[in-house]
Every structure is written in C-alpha cells, then in structure tokens.
Asker: 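The structure's right below; bear with me while I get my questions together.
Since this is a predicted model, take the numbers as computed values, not measurements.
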Amino acid sequence: MLENDIISLKESFSNDKGKTKSESNKRFDSKTAIPGHVQQGGIPSAIDRTRAARLAVKAVDFIDSNHKLMNSNNCENEFGEFISNSEIDNTSAVLGVEKSQLLFKSIKSLYINESDLNKRMRRKIFWNDIRDTADMLVGRSKI
C-alpha cells in the first residue's frame, strides 16, 4: 500500500514540475522535501502522518490568508521588483515546530534574530544539554 502511495506521489510531482512557478508569474517556487523516514526506508508511523497533515493544513491556511496581499499592486515598484515592508516580508516564511506549536517565522526574522551566520547554525541550540549524549548514541565523535 505504501509503495503505491509513493509511486503515485512520484508521478504527481514529475507531472507538476515547474507548474507552481509559472502559475505564480515567477513570484515563488516550491521545493520537494522527502521525509527522513522515506529516505531511510522506514514506514511512516501514525504520528508521522498526523504531523504531515497538520503541516499541510497550516501551510494551506497561510497561503490562503496571504495570497491577496501578494497579488496586490503595492508590493512591486514600476520595474516589477519587490518592495520590502514588514507586512510583505512576513509572507516569506518558514513553517516549523516550536514548543509543540506550528509557527511561521519570517525568513528575515530568522536571519536577523536566530541565525549565527559565521557558524551557519542557530544561535540558541535548545538541545545543547543533551548533545553529548545524543552524539554518543549515534557514534559521532567531536572534531
């Protein structure tokens, strides 16, 4: 059953390549994300499917609530370049889980407030107290 789902999804994605970019007049693009359990050959659990459904619903709600803003004429100058303002900046966002809540954070906010650009990682690593234990369990050695 899962194998049929994967085959169906692969066909669907291959038929839709580039469609979203052209339909959006090149204003956005989408990228395929392959869940880790599929990459590792595992079968998605019930909680994986529930999380996927929650993420999908939240993403569609976000698009639905922001599409009018992005289609309005006040986000481009006369040359077709995007005009930066806080309302429009917030539509370029990342969906993630924080303290069991699904949240969108603007890319600009993540870049400015939460990223250590030199190390190319988060400034605050919330799993840091268990990092040594996790590294030991997966066999990762410190360099």
Side-chain angles (χ1 to χ4, degrees), residues 1-135 137-138 140 142-143:
M1 183 169 136
L2 178 62
E3 190 173 322
N4 291 338
D5 289 345
I6 292 171
I7 291 169
S8 173
L9 285 171
K10 283 182 178 178
E11 286 176 20
S12 176
F13 286 131
S14 67
N15 291 336
D16 289 342
K17 281 188 178 169
K19 186 182 278 187
T20 56
K21 193 171 193 174
S22 63
E23 288 176 352
S24 67
N25 296 322
K26 298 182 182 178
R27 290 181 189 206
F28 66 87
D29 194 6
S30 61
K31 298 200 180 341
T32 302
I34 300 173
H37 58 264
V38 174
Q39 290 176 339
Q40 297 167 13
I43 297 171
S45 67
I47 198 156
D48 291 330
R49 293 177 191 268
T50 303
R51 286 180 181 147
R54 286 182 63 210
L55 287 165
V57 167
K58 191 78 168 179
V60 169
D61 286 344
F62 182 82
I63 292 168
D64 188 46
S65 64
N66 288 292
H67 81 280
K68 288 181 182 172
L69 172 66
M70 292 308 297
N71 286 333
S72 67
N73 291 331
N74 64 348
C75 64
E76 291 182 353
N77 64 17
E78 64 271 12
F79 304 110
E81 300 167 329
F82 282 107
I83 299 170
S84 181
N85 69 46
S86 62
E87 195 174 29
I88 291 173
D89 288 347
N90 289 333
T91 63
S92 178
V94 174
L95 174 58
V97 179
E98 188 173 297
K99 296 181 182 174
S100 78
Q101 298 294 313
L102 294 179
L103 299 173
F104 281 97
K105 289 192 175 185
S106 78
I107 292 174
K108 188 174 188 176
S109 168
L110 289 171
Y111 183 81
I112 292 169
N113 301 319
E114 296 186 29
S115 301
D116 183 336
L117 301 178
N118 294 326
K119 293 181 181 177
R120 297 185 63 158
M121 59 190 286
R122 291 178 69 130
R123 285 188 183 153
K124 182 181 179 200
I125 303 171
F126 60 88
W127 65 89
N128 209 26
D129 358 343
I130 62 166
R131 187 178 219 169
D132 292 336
T133 306
D135 286 346
L137 290 172
V138 299
R140 187 179 303 124
K142 291 190 177 189
I143 297 175

Asker: If I take atom OG1 from residue Thr91 and atom CD1 from residue Ile107, how far apart are they, to the nearest 0.5 angstrom?
Answerer: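 CD1 of Ile107 is found 9.0 Å from OG1 of Thr91.
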Asker: Evaluate whether atom CD1 of Ile47 has more than 12 neighbouring non-hydrogen atoms of other residues, nucleotides or ligands under 6.0 angstrom away.
Answerer: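 Not buried by this count: 12 neighbours or fewer within 6.0 Å.
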Asker: What donor-acceptor contacts under 3.5 angstrom involve side-chain atoms of residues 51-66, with partners at least two apart or in another chain?
Answerer:
from: Ser65; atom 1: OG; to: Asp61; atom 2: O; distance (Å): 3.1
from: Ser65; atom 1: OG; to: Phe62; atom 2: O; distance (Å): 3.1
from: Asn66; atom 1: ND2; to: Phe62; atom 2: O; distance (Å): 2.8

Asker: Under the salt bridge (Lys or Arg N to Asp or Glu O under 4.0 Å) rule, what pairs show up with a residue in residues 97-113, not counting sequence neighbours?
Answerer: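 Output for this query lists Asp89-Lys108, Glu98-Lys105, Lys105-Glu114.
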Asker: Atom CD1 in Ile112, atom OG in Ser106: separation rounded to 0.5 Å?
Answerer: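 If we round to the nearest 0.5 Å, Ile112:CD1 and Ser106:OG are 7.5 Å apart.
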Asker: In sequence, state the C-alpha distance, the side-chain angles, and the governing distance for Leu95 and Leu103, and then conclude on side-chain contact (heavy atoms from CB on, under 4.5 Å).
Answerer: CA-CA 6 Å; Leu95 174 58; Leu103 299 173; 5.9 Å; no
Asker: Just jot down the side chain to side chain contact (heavy atoms under 4.5 Å, CB included) partners of Lys119, sequence neighbours excluded, or say none.
Answerer: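 For Lys119, the residues satisfying side chain to side chain contact (heavy atoms under 4.5 Å, CB included) (neighbours in sequence not counted) are Asp116, Met121.
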Asker: Counting only heavy atoms from other residues, nucleotides and ligands, does the tally under 6.0 Å from CZ of Arg123 exceed 12?
Answerer: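 Result for CZ/Arg123: enclosed.
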Asker: Distance from Asp135 atom CG to Ile130 atom CD1, nearest 0.5 Å?
Answerer: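 CD1 of Ile130 is found 10.0 Å from CG of Asp135.
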Asker: Restricting to side-chain hydrogen bond (donor to acceptor under 3.5 Å, both in side chains), what partner residues turn up for Asp132, sequence neighbours left out?
Answerer: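 Asp132: side-chain hydrogen bond (donor to acceptor under 3.5 Å, both in side chains) contacts with Lys142.
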Asker: Under the rule for side chain to side chain contact (heavy atoms under 4.5 Å, CB included), what residues qualify as partners of Ser115, not counting sequence neighbours?
Answerer: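 For Ser115 the side chain to side chain contact (heavy atoms under 4.5 Å, CB included) partners, ignoring immediate neighbours, are Leu117.
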